[in-house]
Novice: 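Mind looking over this structure? Questions follow.
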Amino acid sequence: MKTLERYWPVGAVALALLCVTALTLKPYNGNVTALFHLDQQMAEIHPVPEGFVVLQMPGYDGMQYYEIARMMPDIVQPSHWSMLKATVPLSYAYQRILLPVAAYVLSLGMVSVLPYAFLFINIAALLATCFLVLRWKPDAKLYAMALALCPAALLAIHFSLAEPLTLVLLTAFLIRRFPATSKSPVQWKLDVLDIVLLSLLILSREVNVLFIGLLIVWSLWKRQWRSCALIIIPLAIFAAWHSIIYLIFGDIPFLTSAAKHALPFQSLFEVLRGVQGYNQLTASSIAYALFFYLPAIIWICIRIVRRRSVEFLEFAALAFLGLMSVMSWDIWGSMTSIGRVITPVYPLVVLYAAKYDSWAARWIACALIALGLGIGIALALIVHPFLTA
C-alpha cells in the first residue's frame, strides 16, 4: 500500500500518455507508424513497408530517426558511407543517434517492429523519469508528473523524437549528485555510472554537450579536479561521434545549428508583439512564455538575489533559459519548436523547484503539465491527409 501511495503518479502519467497517444492515432486507424510523420518524398527515397502511414504534407524529424534505424547496418560499415552521404537523412539527424540505435537493438533489427520499439522507448523513458523523481523525493509527486508530462515529453511522443532519453538520462544524473534537500551536501565525486549517463546524454541530443560544459565550468570553480578529468570522457565520445559524422557527410552539423541565433529575447518580444501576426502557433508560444518560461526566470533570479549565492541547479537552469532567449524566430514561433529544443531546461528547473517547494515552484510545475497535455491534445486533434503504403 505504501508503494502504491508513493508511486501512483507513474500510473497517472502512463494513463495520460496512453490516452493522448490513442487520441493521436485514432484518425489513422491506430497505426503506430503515423507517429513518425513520414512524408511522400521520404517514402519515395526509402520505400516503406506495407501498411506504413505516409503523410501528404512535409514530414518531421521522427521520420529521419526511423530511417537512420533502418540503415543501421550501413552506418557500421565504412564502405557504405558514400551511399549515406548521397541520400537523406542528412547529417543533422545523426547527432541524435542514441534513439535510433536503441530502437534498432530493441527491435532486433526487424523493420516491422521498429515503430513499436520507438514508442516503447519514449514512453518507458518518461515513466522512468517520473519514477526517479519520486525515488529521489517521495513527496515531489507534482514535480515528477510535471517532468514526465512537460511539452518536450508530449511533443516527443507525437513526433517520435529523442527528448525522453534526454529527460531520463539527465534526471538520473542529477538525482545521483544533488540531494533533495538543502541540508545534504552535493556529491561531486563522479563515478563510472555518472560518466556512462553523461556519455549517453550527449549522444541523445547535441545540445546536451552544453550541460557537460557547464559541469566542467562549475567543477573548475569548485576545484573538483578529478571530476573535471572524468568529464573529458563524454566530451571525447562526443568529439569522436561528430568526427565520424564529418567523415561521412563532410560537414559538422553542430556548428551549423549553433550559428542560428538572435539577440537575447528579441524573438520572444517579436512573438509577444505580434510582429508577424497572431495564430495558433504563436499563441502556443506565448502561453509557453507567459506561464512557464518567464516565471521560471523571475523566480530563480529572485531566489538568487535574496540568498546572494548561486548553486549549480540555478546556474545551469539559468544558462539554458538564457540559451532559449537567443533562439531565432522560427524556433520561438511555436511551442512545437521552443517547447523541446532546449530539453535540459526541464530536469534542471523542475528538480530545483521540487527541492525548494513553494507556491511559485508549484505554479511552474502545474504550468508544465497544462502546457504539455495541452499541446499533446491539440496536436492529436489535427488530422493530416495521408496514404497507407
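In this text the structure is predicted, and so the values were computed from the model without any measurement. Note: hydrogens, waters and symmetry copies are ignored here, and every other heavy atom, side chains too, is used.
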Novice: Checking His46 now: which residues fulfil ring-ring contact (aromatic ring centres under 6.0 Å, His included) with it, not counting sequence neighbours?
Specialist: none

Novice: What do the steps show when you test Met72 against Ile75 for side-chain contact (heavy atoms from CB on, under 4.5 Å), and what is the final call?
Specialist: CA-CA 5 Å; Met72 201 60 63; Ile75 296 173; 4.0 Å; yes

Novice: Quick check against the 3.5 Å criterion: does Trp363 have a side-chain atom that pairs as donor or acceptor with the backbone of Phe291?
Specialist: yes

Novice: Give a yes or no answer on whether the side chain of Asp194 reaches the backbone of Asp191 with a donor-acceptor pair at less than 3.5 Å.
Specialist: yes

Novice: To the nearest 0.5 Å, what is the distance between OH (Tyr352) and CD1 (Ile364)?
Specialist: 9.5 Å

Novice: So, using ring-ring contact (aromatic ring centres under 6.0 Å, His included) as the criterion, who are the partners of Phe315 when residues are at least two apart?
Specialist: Trp218

Novice: Contact between Leu368 and Leu149 at the side-chain level, heavy atoms closer than 4.5 Å - yes or no?
Specialist: no

Novice: Might you point out which heavy atoms bring Leu147 and Pro347 nearest each other, and give the distance in Å?
Specialist: CD1-N, 3.6 Å

Novice: Just wondering, do Met324 and Tyr288 contact through their side chains at under 4.5 Å, heavy atoms?
Specialist: yes

Novice: Who are the ring-ring contact (aromatic ring centres under 6.0 Å, His included) partners of Tyr143, not counting sequence neighbours?
Specialist: none

Novice: Indicate yes or no: at least one non-hydrogen side-chain atom of Phe292 is less than 4.5 angstrom from one of Val349.
Specialist: yes

Novice: Please test Ile297 against Phe265 for side-chain contact (heavy atoms from CB on, under 4.5 Å), starting from the C-alpha separation and ending with a verdict.
Specialist: CA-CA 12 Å; Ile297 292 176; Phe265 298 100; 4.1 Å; yes

Novice: If you round to the nearest 0.5 Å, how far is CD1 of Ile245 from CG of Asp251?
Specialist: 8.5 Å

Novice: Would you confirm whether Arg340, through its side chain, and Thr336, through its main-chain N or O, come within 3.5 Å as a donor-acceptor pair?
Specialist: yes

Novice: Not counting sequence neighbours, which residues clear side chain to side chain contact (heavy atoms under 4.5 Å, CB included) with Phe131? List them please.
Specialist: Tyr7, Val10, Arg135

Novice: Main chain of Val88, side chain of Glu67: is a donor-acceptor contact present, judged purely on distance under 3.5 Å?
Specialist: no

Novice: Test side-chain contact (heavy atoms from CB on, under 4.5 Å) on Leu220 and Trp225; report intermediate values, then the result.
Specialist: CA-CA 7 Å; Leu220 288 173; Trp225 313 123; 3.8 Å; yes

Novice: Do side-chain atoms of Arg96 reach the backbone of Glu163 as a donor and acceptor pair under 3.5 angstrom?
Specialist: no

Novice: Other residues, nucleotides and ligands only: do more than 12 of their heavy atoms fall within 6.0 Å of CD on Gln77?
Specialist: yes

Novice: Begin from the C-alpha positions of Tyr65 and Phe159 and carry the test ring pair (Phe, Tyr, Trp, His ring centres under 6.0 Å) through to its verdict.
Specialist: CA-CA 10 Å; Tyr65 307 147; Phe159 292 110; over 10 Å; no

Novice: Where the side chain of Thr171 meets the backbone of Val168, is there a donor-acceptor pair that is under 3.5 Å apart?
Specialist: no

Novice: Compare every heavy atom of Arg6 with every heavy atom of Lys141, then report the nearest pair and how far apart it is.
Specialist: CE-O, 3.9 Å

Novice: Heavy-atom distance under 4.5 Å between the side chains of Phe36 and Val48, does that happen here?
Specialist: no

Novice: For Ile342 and Met327, what are the C-alpha separation, side-chain angles and deciding distance, and is it a side-chain contact (heavy atoms from CB on, under 4.5 Å)?
Specialist: CA-CA 10 Å; Ile342 312 298; Met327 293 290 100; 4.2 Å; yes

Novice: Show the nearest heavy-atom pair for residues Ser204 and Thr166, with the distance to one decimal.
Specialist: OG-OG1, 3.1 Å

Novice: With sequence neighbours left out, what residues match Ser358 under side chain to side chain contact (heavy atoms under 4.5 Å, CB included)?
Specialist: Trp299, Ala360, Ala361

Novice: Any donor and acceptor pair, going by atom type alone, linking the side chain of Thr33 with main-chain N or O of Val53 inside 3.5 Å?
Specialist: yes

Novice: Can you confirm whether Pro9 sits close enough to Leu134 that some side-chain heavy atom of one is under 4.5 Å from a side-chain heavy atom of the other?
Specialist: yes

Novice: Do Phe118 and Ser107 make a side-chain contact, defined as non-hydrogen atoms from C-beta onward lying under 4.5 Å apart?
Specialist: no

Novice: Could you list all the side-chain hydrogen bond (donor to acceptor under 3.5 Å, both in side chains) pairs where at least one residue sits in residues 36-45, not counting sequence neighbours?
Specialist: His37-His158

Novice: With a 4.5 Å cut-off on side-chain heavy-atom distances among I, L, V, M, F, W and Y, is there a chain of contacts connecting Leu381 to Leu55?
Specialist: no

Novice: Does Arg307 have more than 12 heavy atoms from other residues, nucleotides or ligands lying within 6.0 Å of its CZ?
Specialist: yes

Novice: Quick one: pull up CG in Leu25 and CG in Leu23 and give me the separation to the nearest 0.5 Å.
Specialist: 9.0 Å

Novice: Report yes or no: does Arg177 contribute a side-chain atom to a donor-acceptor pair with the main-chain N or O of Lys189 at less than 3.5 Å?
Specialist: yes

Novice: Locate the shortest heavy-atom distance separating Ile195 from Pro234; write the atom from each residue and the value.
Specialist: CG2-CD, 3.9 Å

Novice: How close do Arg70 and Pro47 get, counting heavy atoms only, and between which atoms?
Specialist: NH2-O, 2.8 Å

Novice: For Leu99, run the side chain to side chain contact (heavy atoms under 4.5 Å, CB included) check against Ile121, Leu203, Ile68, Leu161 and tell me which one passes.
Specialist: Ile121

Novice: Would you call Leu210 and Leu214 a side-chain contact if the rule is heavy atoms closer than 4.5 Å?
Specialist: no

Novice: Between Asp357 and Lys137, is there a salt bridge with N-O shorter than 4.0 Å?
Specialist: no

Novice: Could you report the tightest heavy-atom contact between Phe249 and Lys85, atom names first, then the distance?
Specialist: O-CE, 3.7 Å

Novice: If we only count heavy atoms from C-beta on, is the Tyr278 to Ile286 side-chain gap below 4.5 Å?
Specialist: yes

